[in-house]
Protein chains: 2
Amino acid sequence: MTQRDTKDRILDAAEELFASDGYVGTSLRGITTAADVNLAAVNYHFGSKEGLLAALFERRLVPLNKVRLENIETVLREAEQKAVRPSAGEVMKAFLIPTLEFKRNAPGARHFARMIWRAFLGGDRGMQESFLTRVAPVMQRLLDGLSLALPGIPREVLAWRLRFAMGAAGQVMVHDPEQPALMTGLRLSEEVMQKELLEFVIGGLEAPHED
Amino acid sequence: MTQRDTKDRILDAAEELFASDGYVGTSLRGITTAADVNLAAVNYHFGSKEGLLAALFERRLVPLNKVRLENIETVLREAEQKAVRPSAGEVMKAFLIPTLEFKRNAPGARHFARMIWRAFLGGDRGMQESFLTRVAPVMQRLLDGLSLALPGIPREVLAWRLRFAMGAAGQVMVHDPEQPALMTGLRLSEEVMQKELLEFVIGGLEAPHED
DNA sequence: TGTTAATTCAAACGATTGTTTAAAACTTTT
DNA sequence: AAAAGTTTTAAACAATCGTTTGAATTAACA
């Protein structure tokens, strides 16, 4: 089973390099050297550099999105059964908690998390497209949930608040404890940091709205 | 005065291309073609591609930072004179309003704004460094102001909340109305969008904090 | 074990990258 | 108007990019 070995080694090296140097900033030679495989292996196993990127998305994002969507649906279903409104915090946690866990747990996933959020936050062009088409359905349901939770706030406004929340969350996702800090005084543990993110995001989502 | 003409044409073309394709994703040939100047002009006038980037920062970021810092100092000084605490909203507005205005007003500055926030949000490596060293002093004073405004919240937590706020603000800054939207239902005018950002950010900064 | 298929390998492909060169064209100064 | 300085130009530089090739090697099946 050298094949699966080679493919996985390439995927692992690629997501680490894509995360730190970006898609265009990473060369196939850099990847194959890090993975200790032949240069041609990428084109043999994945067809092209773009094919490699697609395989990375398939490996991690698809299962993650499945969990996130299920979580959101569960919150919405339970609220409906009890005939109460879900809270903005519940809805947002249904999305954010698996997302944050995903980054914290799997060691390789951490790099993928950085890569994916760089794409979202406005990074490489090619990445952004592959990424957006895959998360769009999750975002839709998330927005549905927030609409239910905060009926006093127009949907367009909520769409923007959701995007703001994503921007804030991205700061945790792209944060690398090993890298020099963006600001001094950012020395919180990952867990505390994530609790703080939830506080901030919920505070922002539920902020009073005037027309 | 063909010289100044050439330099400015290069700067204008560069900030537009850097904004949409990133630093590594943009070639000098693309820039010089768009600027309608000879390829060698970049190296002649700016020394190198990196020198061009530095010149871009110098042209826009330095004066912007000056305004932002003055605004923050004014808020802090006035609060001190009145012997009251500044509000988190006041402090944050002192930074955000010139920032958002900067994007909205100058037509070329819009591209620079996108470029700069892409750098902050985790884009190109070289950009991030040039950028961070220049905004660090502004961030420090901003954090000082927030510490005054919200004495009940530890400084490390505030540092993270500030970073979250920057992540949220980045979503407005990188937003391009001409580009396909990240989510459906994001069809607000720039002004409304900016008002919403302030609501969200202040709500997040002032969110209740538990240890 | 012999045959076929899948994988790895070194080498090269053309295209594009940032940068340099030296002559030509243009300005400014004397 | 001649000289000196500045800017523009076309051409080429070596380096690197993603991709392809065909032979060498390994694995799977008969």
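Below, read A as the first sequence line, B as the second, and so on, with proteins coming before strands; counting in each chain starts at 1.
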Tell me whether the count of non-hydrogen atoms from other residues, nucleotides or ligands lying under 6.0 Å of CD in B:E50 goes above 12. no
May I ask you to verify if any side-chain N or O of A:S27 is less than 4.0 angstrom from the OP1 or OP2 atom of D:dC17? yes
Nucleotide C:dT16, atom C1' - distance to CG of A:L28 in whole Å: 15 Å
Are B:H175 and A:W160 an aromatic pair by the rule of ring centers under 6.0 Å? yes
What is the distance, to the nearest angstrom, from the CZ atom on A:R29 to the P atom on C:dA11? 14 Å
What is the distance from CG of B:D36 to P of D:dT8, rounded to the nearest Å? 12 Å
Any donor-acceptor N/O pair, B:R68 side chain to B:F95 backbone, under 3.5 Å: no
Under 4.0 Å between a side-chain N or O of B:T6 and OP1 or OP2 of D:dT8? yes
Atom NZ of B:K103: over 12 foreign heavy atoms under 6.0 Å: yes
A:T26 near the nucleic acid: base, sugar-phosphate alone, or nothing, with a heavy-atom cut-off under 4.0 Å? sugar-phosphate
May I ask you to say what B:A40 touches in the nucleic acid, namely base, sugar-phosphate or nothing, with a heavy-atom cut-off under 4.0 Å? base
Using atom CG of A:D21 as one end and atom P of D:dT16 as the other, report the distance to the nearest whole Å. 15 Å
In whole angstroms, the gap separating P of C:dT21 from CG of B:N38 amounts to 16 Å
Applying side-chain contact (heavy atoms from CB on, under 4.5 Å) to A:Y23 and A:L53, what does each step give before you reach the verdict? CA-CA 8 Å; A:Y23 178 72; A:L53 183 63; 4.0 Å; yes
Please pick, from C:dG18, D:dT19, D:dT7, the nucleotide with the shortest atom-to-atom distance to any side-chain atom of B:Y44. D:dT7
Hey, is the side chain of A:H45 poking within less than 4.0 Å of OP1 or OP2 on C:dT8, counting only N and O atoms? yes
Within this structure, what is the CD1-to-P distance between B:I31 and C:dT16, rounded to whole angstrom? 17 Å
Euclidean distance, atom CG of residue B:L39 to atom P of C:dA22 [Å, nearest integer]: 17 Å
Starting at atom CG of B:N43, determine the distance to atom P of D:dT8, rounded to an integer number of angstrom. 13 Å
